[in-house]
Student: 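Sharing a structure here in structure tokens format.
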2 protein chains.
Amino acid sequence: MAESTRPMRRQDIRRENEKAILLAAEKVFAEAGFGGATMQLIADLAGLPKANLHYYFATKEELYRSVVQNIFEIWLQAANCFDAARGPIDGISAYIDAKMEISRRHPDGSKVWASEVMHGAPVLQDYMESTLREWTDGRVEIIRRWIEEGKMDPVDPRHLLYMLWATTQHYADFGHQIETLNGGKALSDRQWREAKENIKRVILTGIGALPA
Amino acid sequence: MAESTRPMRRQDIRRENEKAILLAAEKVFAEAGFGGATMQLIADLAGLPKANLHYYFATKEELYRSVVQNIFEIWLQAANCFDAARGPIDGISAYIDAKMEISRRHPDGSKVWASEVMHGAPVLQDYMESTLREWTDGRVEIIRRWIEEGKMDPVDPRHLLYMLWATTQHYADFGHQIETLNGGKALSDRQWREAKENIKRVILTGIGALPA
DNA sequence: CTGAAAGCTGACCATACGGTCAGGATGCAA
DNA sequence: TTGCATCCTGACCGTATGGTCAGCTTTCAG
């Protein structure tokens, strides 16, 4: 039990408990959805009494909001890949890699995000109308420039972005289906690499950025 | 009220009520998830007393199961497009069209399906391990043959299928996000057509079935 | 016409859930 | 050491939900 439970500093206590709660919440929300998740389940998974959750997060909604915002941050970070790039090959490759890595490392977060959007984004509507829209518009502009410069075919930038989101996110959200079709086993390192390579090749070739 | 409520035949009553319930359930399950959906909400939307739902569907689980199986049927029908085709251009085009049409006409069903899979397919696991697996294996074989016949590049058939599923399903599951980024308006006929064309062009070009 | 089967429903119940709170334990600054 | 702020939690509460049921109405075969 109290093997290495030397006295913790207040700061640490707070940080660690919040972290444990958020991690547990992410998993439970991903597996059961907002409505199906219970504070008790989250508490058990976090190894804390239920009342303690309410000490850190007043309501279920507030906890959920924190989880969703967390994943949105991660999501946005991957977005930077686009900016540093000099052309579609760099940019889109890096973006696909980054988003696939998120799908692999944060499948629960991805599912929560998907769930949130599917249910009409009750929490994230504001972000979608501001941050996300701005980000998208910016990337559309970049892609448009690449097209003008003859670096790729004239593909509708928005639909291209949707395709990138869809394809990469799919490996998290539908991971269970993919796993089932993979003989019940999670994708291996090699299979993940192949997935990435396939996606990159098809899309980059498809938009005329790579020679056919 | 009772304007055209001439006596109904028993059969009709049963069929119509079940239909109304399933339709309402599909919508509520899509919007709230299984856990967030309530029988009361479904009953209200179907215009029936709650107790009446339980007359037709004993439990919430049973109702949910029916909804999920319904959408799976529709999903499988689109699958036939693949078989009649003589090559990737026909087959994949038709499949994309069919799946996009499902995303457009049955967004709620698509969301329920996505939700089901995201939560580990508690209801559909059997189908996934039998019907879906067989279907997938069959299509993989077809694609493999197309590759052998030189009708397309050697792309991993499974990842190609995932890409098709992901890209088309995205327009239903993330419809709210797309709508928000589209200025809060649903995609027009024309935009749907453009979406389809873009997807088809990028993928068919990407796999080397169309000249770059 | 009649009786039985099918369809319907308001009222009810047990449970589970989100949330509260009083009061105890613990760290930490002075 | 002391006092206080933070941290913790068992016990509790009101409500909403899935589900039941007794008894009503409607259809329809014979």
Side-chain angles (χ1 to χ4, degrees), chain A residues 1-22 24-29 31-68 112 119 122-123, chain B residues 1-22 24-29 31-68 112 119 122-123:
Chain A
M1 298 301 164
E3 42 186 2
S4 68
T5 322
R6 55 162 169 157
M8 273 179 164
R9 287 214 320 260
R10 283 228 176 107
Q11 249 189 345
D12 297 340
I13 291 177
R14 179 148 219 122
R15 202 174 333 126
E16 286 201 16
N17 279 345
E18 280 182 354
K19 197 172 154 190
I21 294 170
L22 285 170
E26 183 175 284
K27 184 164 187 184
V28 173
F29 281 134
E31 284 175 359
F34 178 80
T38 70
M39 294 299 266
Q40 188 62 64
L41 226 64
I42 297 172
D44 291 349
L45 193 62
L48 295 170
K50 192 185 72 164
N52 208 350
L53 295 212
H54 283 98
Y55 175 72
Y56 286 103
F57 299 91
T59 66
K60 191 183 174 186
E61 272 83 4
E62 189 185 316
L63 175 53
Y64 174 74
R65 182 180 294 266
S66 295
V67 171
V68 170
V112 174
H119 298 352
V123 162
Chain B
M1 297 298 167
E3 41 186 3
S4 68
T5 323
R6 55 165 169 152
M8 273 180 164
R9 287 216 320 259
R10 284 227 178 108
Q11 251 189 342
D12 297 340
I13 291 178
R14 179 147 220 124
R15 200 172 337 125
E16 285 200 16
N17 279 345
E18 280 181 355
K19 197 172 153 190
I21 293 171
L22 284 170
E26 183 174 285
K27 185 165 186 183
V28 174
F29 282 133
E31 284 175 359
F34 177 80
T38 71
M39 294 298 268
Q40 189 62 61
L41 225 65
I42 296 172
D44 292 348
L45 194 61
L48 295 170
K50 192 185 71 163
N52 208 349
L53 294 212
H54 284 98
Y55 175 72
Y56 287 102
F57 299 92
T59 66
K60 190 183 174 186
E61 272 84 4
E62 189 184 317
L63 175 54
Y64 174 74
R65 181 181 296 266
S66 295
V67 170
V68 170
V112 175
H119 298 354
V123 163

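Residue numbering restarts at 1 for every chain, and letters A, B, ... go by the order of the sequence lines.
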Student: Is any side-chain N of the basic residue among A:Glu61 and A:Arg65 closer than 4.0 Å to the acidic one's carboxylate O?
Tutor: no

Student: Determine whether a donor-acceptor pair (N or O, by modelled atom type, separation under 3.5 Å) exists between the side chain of A:Lys60 and the backbone of A:Phe34.
Tutor: yes

Student: I'd like to compare against my own output: the B/S/- annotation of nucleotides 6-22 of chain C with a strict under-4.0 Å heavy-atom distance to protein.
Tutor: SBSBB------SBBBB-

Student: Any side-chain heavy atom of A:Asp44 within less than 4.5 Å of one from A:Gln40?
Tutor: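 Yes; the side chains approach each other to less than 4.5 Å.
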
Student: Rounded to whole Å, please give me the gap between CZ in A:Phe57 and C1' in D:dC7.
Tutor: 15 Å

Student: Search all heavy atoms of A:Tyr56 against all heavy atoms of A:Glu62 and return the closest pair with its distance.
Tutor: O-OE2, 4.2 Å

Student: Find out whether A:His119 and B:Glu31 are in side-chain contact, i.e. whether some heavy atom of one side chain is under 4.5 Å from a heavy atom of the other.
Tutor: no

